[in-house]
Amino acid sequence: MRLSQYFLPVLKEVPANAEIVSHQLMLRAGLIRQSAAGIYSWLPLGLRVLKKIENIVREEQDRAGAVELLMPTIQQADIWRESGRYDDYGKEMLRITDRHDRELLYGPTNEELITQIFRDGVKSYKDCPRILYHIQWKFRDEIRPRFGVMRGREFSMKDAYSFDLTEEGARKSYQKMFISYLRTFERLGVKAIPMKADTGPIGGDLSHEFILLADTGESEVYCDKALIDMEVPGVDIDYESDLEPILQQWTSHYAATEEMHDADKFSKEVPDEKQRISARGIEVGHIFYFGTKYSEPMKCEVQGPDGKLIPLEMGSYGIGVSRLMGAIIEASNDENGIIWPKSVAPFDVGIINLKPGDEQTDTMVEKLYSELGNLGIDCLMDDTNERAGGKFKIMDLIGLPVQMIIGPKGAKNGMVEVKDRKTGERSDMSIEQATALFK
RNA sequence: CGGGGUAUAGCUCAGCCUGGUAGAGCACUGGUUUUGGGAACCAGGGGUCGCGAGUUCGAAUCUUGCUGCCCCGACCA
């Protein structure tokens with residue numbers, strides 16, 4: 001993509017309305033624009049990142065055996081009455097009336113709808129277990145939206161729902177999602193630690209929040225350092241094998257959010273003070289098992305081998321997709337701007353032409369651009385007439401992981417200056433060497 | 001929902017107290033010079049001063065009602 005043809009409105013100054021660094025940077029780097037409190041438009045660069053996050057989430061859901069579908073944003077009030085939540089949910093639910101005075105709502109979550117779909121589509125135990133998911137926009141009319149996309153009212157979320165015949169089966173589904181989450185966050189380039197969460201009236205040990213560690217996180221979290229260094233299961237993980245040992249490995253160490261924290265227990269379980277981590281965290285995922293909470297009132301049952309009806313054991317598994325963009329920036333930025341992890345960067349490489357119009361420079365830039373393009377590398381090429389300093393600032397601000405800079409001096413010697421955004425390291429090399437970095 | 005703040009150009013803000021023809025910097029357009037870390041100069045374009053009502057000869061400025069947005073608290077992926 002040529003910057004001269006792109007839409008990238010960047011801001012030099014810090015917007016007055018943005019408090020935290022990720023929000024400021026998202027506005028400044030031209031990723032989003034606010035449309036109303038807690039509601040944002042996604043500009044081209046931001047949309048690219050959003051899709052990258054979505055795709056990683058999707059790939060890891062698929063790998064774990066979950067099946068994607070898509071439910072609407074608008075739902076009928078009826079099914080919420082079936083579960084009994086229509087009156088319970090309160091003002092957070094945005095209620096809408098259509099022209100026929102029918103009661104609708106903008107979905108804040110999808111347990112009811114997915115339960116209805118599954119109930120109507122599946123009648124036999126032979127069609128279980130299943131995990132279904134979708135990635136969709138939700139709306140929760142938060143009393144006070146804040147922190148940009150980290151607590152918006154409209155937000156994109158991946159939510160998965162599991163349907164099992166037995167509690168034991170549900171545990172297996174839970175484990176699959178747990179591991180899939182470890183892999184997802186690893187691939188997104190962030191450290192997210194599973195922490196035991198309150199299971200409410202259901203009880204048991206099957207509820208975890210995945211907390212991304214970032215200095216500017218909203219809440220204090222405590223965990224054993226061992227968790228930070230723990231190895232995440234690889235691509236070759238067999239989701240049909242016994243996953244219990246991996247769960248044990250990850251859940252046997254102390255990890256708690258502020259609400260669940262017990263200082264005495266912490267020092268007892270992690271005697272070495274150096275191993276005790278207390279940090280700030282952002283919740284980016286939440287998984288839990290809730291049994292027959294919806295399947296019973298909504299009659300989501302299948303017939304077992306003996307002909308008896310079995311209410312399904314369910315769980316739900318959320319990842320805050322749009323929130324993650326803010327969270328990743330919170331975890332990865334410096335005074336010059338965003339530093340994208342490679343896997344979610346809107347472009348792989350930013351090419352700077354320091355002097356458009358200089359024949360030697362132009363030729364070399366075009367060659368680099370097309371050769372990288374041929375390798376399937378996404379490049380954003382700054383071919384504008386902005387001054388050099390401005391180009392550097394913008395490129396640093398938008399945080400592409402690798403910058404390739406060509407000016408008349410370098411072009412004369414056939415040299416590209418390759419800069420690593422994260423470390424700031426620069427080195428001069430030929431086009432061949434530069435493209436070889438991606439082979 | 002309680003408390004506090006704020007609303008003037010695309011962005012950051014001044015002007016308001018003490019009413020009298022709408023301002024600055026950045027951004028934008030044209031020009032000259034400049035050209036490796038947000039350049040200088042010259043000339044321009046851009047605003048029903050959030051909306052409504054009132055006071056007044058005259059309102060960005062005073063009064064009043066409403067709305068949006070932000071912050072703190074309680075609530076939350």
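Note: hydrogens, waters and symmetry copies are ignored here, and every other heavy atom, side chains too, is used. The chains referred to below are lettered A, B, ... by the order of the sequence lines, with proteins before strands, and numbering in each begins at 1. Predicted model only: the values in this text are computed from it and were never measured.
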Pairwise [atom1] distance for [N] and [M], with rounding to whole Å:
{"N": "B/G5", "M": "B/C62", "atom1": "P", "result": "15 Å"}
{"N": "B/C72", "M": "B/G10", "atom1": "C1'", "result": "30 Å"}
{"N": "B/A9", "M": "B/C51", "atom1": "P", "result": "11 Å"}
{"N": "B/U34", "M": "B/G15", "atom1": "C1'", "result": "35 Å"}
{"N": "B/U64", "M": "B/G47", "atom1": "C1'", "result": "25 Å"}
{"N": "B/U21", "M": "B/C49", "atom1": "P", "result": "15 Å"}
{"N": "B/C26", "M": "B/G46", "atom1": "C1'", "result": "14 Å"}
{"N": "B/A24", "M": "B/A14", "atom1": "P", "result": "16 Å"}

Checking base pairs now: Watson-Crick or wobble, both atom distances under 3.5 Å. What partners [N]?
{"N": "B/U6", "value": "B/G68"}
{"N": "B/C49", "value": "none"}
{"N": "B/C57", "value": "B/G20"}
{"N": "B/U29", "value": "B/A43"}
{"N": "B/C1", "value": "B/G73"}

What is the separation between atom [atom1] on [X] and atom [atom2] on [N], rounded to the nearest whole Å?
{"X": "A/Ile32", "N": "B/C11", "atom1": "CD1", "atom2": "P", "result": "14 Å"}
{"X": "A/Gln24", "N": "B/U12", "atom1": "CD", "atom2": "C1'", "result": "13 Å"}
{"X": "A/Glu417", "N": "B/G37", "atom1": "CD", "atom2": "P", "result": "11 Å"}
{"X": "A/Phe7", "N": "B/G10", "atom1": "CZ", "atom2": "P", "result": "14 Å"}

Checking side chain to side chain contact (heavy atoms under 4.5 Å, CB included) for the pair A/Met195/A/Tyr222: CA distance, chi angles, key distance, verdict?
-> CA-CA 9 Å; A/Met195 302 199 175; A/Tyr222 308 85; over 6 Å; no
Charged N to carboxylate O under 4.0 angstrom, A/Lys419 versus A/Asp396?
->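 Yes, this pair counts.
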Is the closest basic N to carboxylate O distance between A/Arg151 and A/Glu283 below 4.0 Å?
->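 No.
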Would you please test A/Ser430 and A/Gln433 for side chain to side chain donor-acceptor pair (under 3.5 Å) and show each step?
-> CA-CA 5 Å; A/Ser430 66; A/Gln433 289 169 313; 3.3 Å; yes
Look at all strands and tell whether [X] reaches a base, only sugar-phosphate, or nothing, counting heavy atoms closer than 4.0 Å.
{"X": "A/Asp159", "answer": "nothing"}
{"X": "A/Ile394", "answer": "base"}
{"X": "A/Val321", "answer": "nothing"}
{"X": "A/Pro15", "answer": "sugar-phosphate"}
{"X": "A/Gly318", "answer": "nothing"}
{"X": "A/Lys91", "answer": "sugar-phosphate"}
{"X": "A/Lys419", "answer": "base"}
{"X": "A/Arg426", "answer": "base"}

Measure the shortest side-chain to side-chain distance between [X] and [Y] over non-hydrogen atoms and say whether it is less than 4.5 angstrom.
{"X": "A/Phe163", "Y": "A/Ile114", "value": "yes"}
{"X": "A/Ile20", "Y": "A/Met150", "value": "yes"}
{"X": "A/Pro341", "Y": "A/Ile328", "value": "yes"}
{"X": "A/Glu313", "Y": "A/Tyr289", "value": "yes"}

Contacts under 3.5 angstrom, residues 3-14 of chain A side chains, donor-acceptor by atom type, not counting sequence neighbours:
| from | atom 1 | to | atom 2 | distance (Å) |
| --- | --- | --- | --- | --- |
| A/Ser4 | OG | A/Asp383 | OD1 | 3.1 |
| A/Ser4 | OG | A/Asp383 | OD2 | 2.7 |

If you look only at pairs with a residue in residues 56-66 of chain A, which of them pass as a salt bridge (Lys or Arg N to Asp or Glu O under 4.0 Å), with sequence neighbours excluded?
->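 Of all non-adjacent pairs touching residues 56-66 of chain A, those that pass salt bridge (Lys or Arg N to Asp or Glu O under 4.0 Å) are A/Glu54-A/Arg58, A/Arg58-A/Glu68, A/Glu59-A/Arg187, A/Glu60-A/Arg63, A/Glu60-A/Arg183, A/Glu60-A/Arg187.
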Between B/G38, B/G36, B/G25, spot the one nearest the side chain of A/Ile405, thanks.
->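 Nearest to the side-chain atoms of A/Ile405, counting from C-beta on, is B/G36.
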State whether A/Phe347 and A/Arg48 meet the cation-pi test: NZ (Lys) or CZ (Arg) under 6.0 Å from the six-membered ring centroid, and within 45° of the perpendicular axis.
->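 A/Arg48 over A/Phe347 ring: yes.
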Is the NZ or CZ atom of A/Arg95 both under 6.0 Å from the centre of the six-membered ring of A/Tyr86 and within 45° of that ring's axis?
->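 That pair qualifies as a cation-pi contact.
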Could you encode protein contacts along nucleotides 68-77 of chain B as a string, one character per nucleotide from 5' to 3', using B for base contact, S for sugar-phosphate-only contact and - for no contact, with a heavy-atom cut-off of under 4.0 Å?
-> -SSBBBBBBB
Filtered N/O pairs between nucleotides 50-52 of chain B and protein, under 3.5 Å:
none

Is any side-chain nitrogen or oxygen of A/Lys12 closer than 4.0 Å to OP1 or OP2 of B/A27?
->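 For A/Lys12, the contact criterion (side-chain N or O under 4.0 Å from OP1 or OP2 of B/A27) is met.
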Ring centroid separation for A/Phe178 and A/Phe210, is it under 6.0 angstrom?
->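 Yes, ring centres under 6.0 Å apart.
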Kindly indicate whether the side chain of A/Glu13 and the base of B/G10 share any N or O donor-acceptor pair separated by less than 3.5 Å?
->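 Result: no qualifying N/O pair found.
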Excluding sequence neighbours, so at least two apart, what forms side-chain contact (heavy atoms from CB on, under 4.5 Å) with A/Ala436?
->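 Applying side-chain contact (heavy atoms from CB on, under 4.5 Å) to A/Ala436 gives none.
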Show me the protein contacts with nucleotides 31-35 of chain B, counting only N or O atoms at under 3.5 Å.
| from | atom 1 | to | atom 2 | distance (Å) |
| --- | --- | --- | --- | --- |
| B/U34 | O2 | A/Arg387 | NH1 | 2.6 |

